[in-house]
Amino acid sequence: MKTTNRRNLALLSVVAVMLASVLLFLYLKSNSNQTTTYAESRDVIGRIKQLNAQWETEILKARIAISHNYDPLVAPLTEMTNLWERLDTMESNHGRTESPVWRASHDAYLTAIQEKTRLVEQFKSHNAVLRNSLAFLPTAEDDIQEQLGRLVDEDQLQLHNITTDTYDLLLSSLEFAQVTSDDKAADILLGLNKLGVNKLRLPEPFHSPIDILSSHIALILREQPVVNRLLENIEAVPVAERLDDITNLLNTDQQRTDAVDQRYHFYMLLFSVLLVLLLVYLAIHLMRSFTVINRVNKALQTANEDLELRVEERTRELRDTQSELLDTARQAGMAEIATNVLHNVGNVLNSVNISADLVTRKLRASKAQGLGKAMQLINEHPGDLGTFLTEDAKGKLLPGYLNQLVDAIALEQQGMTDELAQLTKSVDHIKDIVATQQSYAGANSLMEPLHISELLEDALRMNSGALTRHHVTVVKEYSNVPQVMGDKHRLLLILINLISNAKYAMSDLSNRPRQMTLGVKIVEDKTLQVSVKDDGEGIAEENMTRIFAHGFTTRKEGHGFGLHSCALAAIEMNGHLTAHSDGPGKGAMFTLQIPLKTVPEEA
């Protein structure tokens, strides 16, 4: 009898396991997780559409922006790409990517986003050139008007006509940038012809400013329609429509899945009832062994509590050790990052200090102080001012002195304006250094189209004050290098460091001219090479292997971080930085080589 009960119990257990297996199978087949995944997929697509709209808004803002910061045109695309990869992974896990219809919609979206990206890259290139010319127009026109105002012996009516023609041409160009039309283009062409005729009527010093103004206006006339056409093409790319197609596919697929889930839910309910009845019957038998189970549970609970105490103790020890290691690593990383940032910022602060010092000295020695002396003479003769100005020896000199004072003050203001502009560029570069260092923590380098010669000129401008103060002559040996793809900020930091080091290497040079040579060329059609050569103190042979080591320096006031950070930046760009010197007193040359990545012609 006992054997029969055991056999019946075993049989019932087998039946219960089979029912449970079938129930589990039905549950997995009708898992409501599918609904959640569809909602998540639609949410991701919605966020991509929002980023696409934000991207188009940033493009329109860049159309009229004064600054050349194109980071807002890159960030939406990066987030869209990440979201699309997430969506693609989600759909791949559910097998939907194997559908031909899905693959067609997938490829259509990728084609649309690639086309839009290509058009945006073209827009950035053309719009940057256009914005530069538009920003330069008032300055160029002011230079011409200022020189016209100094011509006192010319025909005043003719000068007035030239001034009016130049101002009208400036207004027509600015209006053309806002409302592009054939009529405005015709007005600009007519104004350029007048400007060319007026150039022939003016002295030789006017020809260069007029040619510069004409070239910028002609560039605006050429680039503005291109920018407008690119904006229209970008707006016409059907990225949102392709996303709507994918959303419709998800909705259709969800409807089919919901219908299948309903059938499985019915089957699951039926088997659940059978399983509950069987479990109730088994529970009656299991109640008899409750005492044994209770005793075993108590023993297991005691063992479990002991095990938990031991695990908790070991976990606490591991957590303390890990915390110490993390603190040590974080402090070391923060120290190195802070050192690199301070070094790069310090290089630019040299230019800031020089510009600020020049402005301060000009303010202290300003000719405006002479205006107070002149007013003092006038205030001393309130009743006979006319007689004083016409008969007194000092009074006769006063009008001419005031005219000279006006010219001197204007020249001072122009000089201080130029220095403040250079100061602003240096401060902006400091912000770029900090922003770039922050971006290293969570993103790869940003590749963008650039002209390496223009980057060298920017680096020279950052060091221009120190180079002038040390009487350094810069020789430029630039080969014809096309526009390349590169990390602008890493390259700029390397060039600023190398130029600054070359200047310091020649600071004690007195027996020959101080000359620095900058070179740019392409090596073996696959490597871009930039070199900075000086005629300074050179490098000893025993220091050649340590020149890029962290903390190594030969200058008393140096700290040994500049060349080390430059070498690391070169490695991050898949390149390398090398040094060569024939020995002490024979100068040195630093050479940066990175892979050549030219910008495609269609971009």
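One is the number of the first residue; the rest follow in order along the sequence.
Contact check for Ile522 versus Thr527: no side-chain heavy atoms found under the 4.5 Å cut-off. Between Phe590 and Leu563, the closest side-chain pair of non-hydrogen atoms falls below 4.5 Å. Using a 4.5 Å heavy-atom threshold, the side chains of Thr598 and Gln483 count as separate. With contacts defined as side-chain heavy-atom distances shorter than 4.5 Å, the pair Thr591/Met589 qualifies. When side chains are defined from C-beta on, His126 counts as touching Leu230, because their heavy atoms get closer than 4.5 Å. Side-chain contact check for Lys476 versus Glu457: some heavy-atom pair is nearer than 4.5 Å. You'll find the side chain of Ile499 reaches within 4.5 Å of the side chain of Met516, heavy atoms only. The side-chain heavy atoms of Met573 and Leu491, taken from C-beta on, include a pair separated by under 4.5 Å.
Remark: Pro584 pairs with Ala540 by the side chain to side chain contact (heavy atoms under 4.5 Å, CB included) rule, at least two apart or across chains. Partners of Ser507 under the side chain to side chain contact (heavy atoms under 4.5 Å, CB included) rule, at least two apart in sequence or in another chain, are His470.
With Thr517 contributing its side chain and Val475 its backbone, the two residues share no donor-acceptor pair below 3.5 Å. Listed for the Ser479 side chain is no donor-acceptor partner under 3.5 Å among the backbone atoms of Val481. Not a single donor-acceptor pair under 3.5 Å links the side chain of Asn127 to the backbone N or O of Phe123. For the pair Asp487 (side chain) and Arg490 (backbone), a donor-acceptor distance under 3.5 Å is present. With hydrogens and angles disregarded, no donor-acceptor distance shorter than 3.5 Å links the side chain of Asn543 to the backbone of Ile539. The backbone N or O of Gln122 sits nowhere less than 3.5 Å from a side-chain atom of Ser125 that would complete a donor-acceptor pair. Although no hydrogens or angles enter the test, the distance criterion places no donor-acceptor pair under 3.5 Å between the side chain of Ser500 and the main chain of Ile496. Judged by distance alone, with hydrogens and angles left aside, the side-chain atoms of Arg512 form a donor-acceptor pair with the main-chain N or O of Asp535 at under 3.5 Å.
A distance of 13.0 Å separates CD1 of Ile547 from NE2 of His564, quoted to the nearest 0.5 Å. The structure places CG of Asn132 at 9.0 Å from CG of Leu219, a figure rounded to the nearest 0.5 Å. Here the straight-line distance linking atom CD of Glu56 with atom CG of Leu231 works out to 10.5 Å at 0.5 Å rounding. Atoms CD and CD, on Glu524 and Gln593 in that order, are 8.5 Å from each other to the nearest 0.5 Å. In this structure, Leu592 CG and Leu495 CG are separated by 7.0 Å, a value rounded to the nearest 0.5 Å. Rounding to the nearest 0.5 angstrom, the gap separating the CG atom in Asn497 from the SG atom in Cys566 is 3.5 Å.
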Practice item. Decide side-chain contact (heavy atoms from CB on, under 4.5 Å) for Val520 and Leu528; before the verdict, give the C-alpha distance in whole Å, the side-chain angles of both, and the deciding distance to 0.1 Å. Key: CA-CA 8 Å; Val520 179; Leu528 176 63; 4.2 Å; yes
Practice item. Dump the intermediate steps for side-chain contact (heavy atoms from CB on, under 4.5 Å) on Leu455 and Ile452, then the final yes or no. Key: CA-CA 5 Å; Leu455 210 59; Ile452 194 66; 4.2 Å; yes
Practice item. Determine, stepwise, if the pair Lys503 / Leu467 fulfils side-chain contact (heavy atoms from CB on, under 4.5 Å). Key: CA-CA 7 Å; Lys503 180 261 298 182; Leu467 294 176; 4.0 Å; yes
**Study point:** side-chain contact (heavy atoms from CB on, under 4.5 Å) between Leu518 and Glu477, intermediate numbers included
**Key:** CA-CA 6 Å; Leu518 304 182; Glu477 298 178 352; over 6 Å; no
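Residues Asn574 and His576 have side chains that never bring a donor and an acceptor to within less than 3.5 angstrom of each other. No side-chain donor-acceptor contact under 3.5 Å links Asp187 and Ser172.
Using a cut-off of 4.0 Å between Lys/Arg side-chain N and Asp/Glu carboxylate O, Glu448 and Lys124 are scored as not salt-bridged. Using a 4.0 Å cut-off between charged side-chain N and carboxylate O, Lys116 and Glu121 make no salt bridge.
Closest non-hydrogen pair, Ala505 versus Asp534, comes out as CB-OD1, 3.9 Å. Nearest heavy atoms, Val599 versus Pro449: CG2-CB, 3.8 Å. Nearest heavy-atom pair, Ser173 versus Ile188, reported as atom, atom and distance to 0.1 Å: CA-CD1, 3.8 Å. Shortest non-hydrogen contact noted between Leu596 and Asp525 is CD2-O, 4.1 Å. Nearest heavy atom pair, residue Phe548 against residue Ala567, reads CD2-CB, 4.1 Å. Across all non-hydrogen atoms, the minimal contact from Gly587 to Ser581 is O-OG, 2.7 Å.
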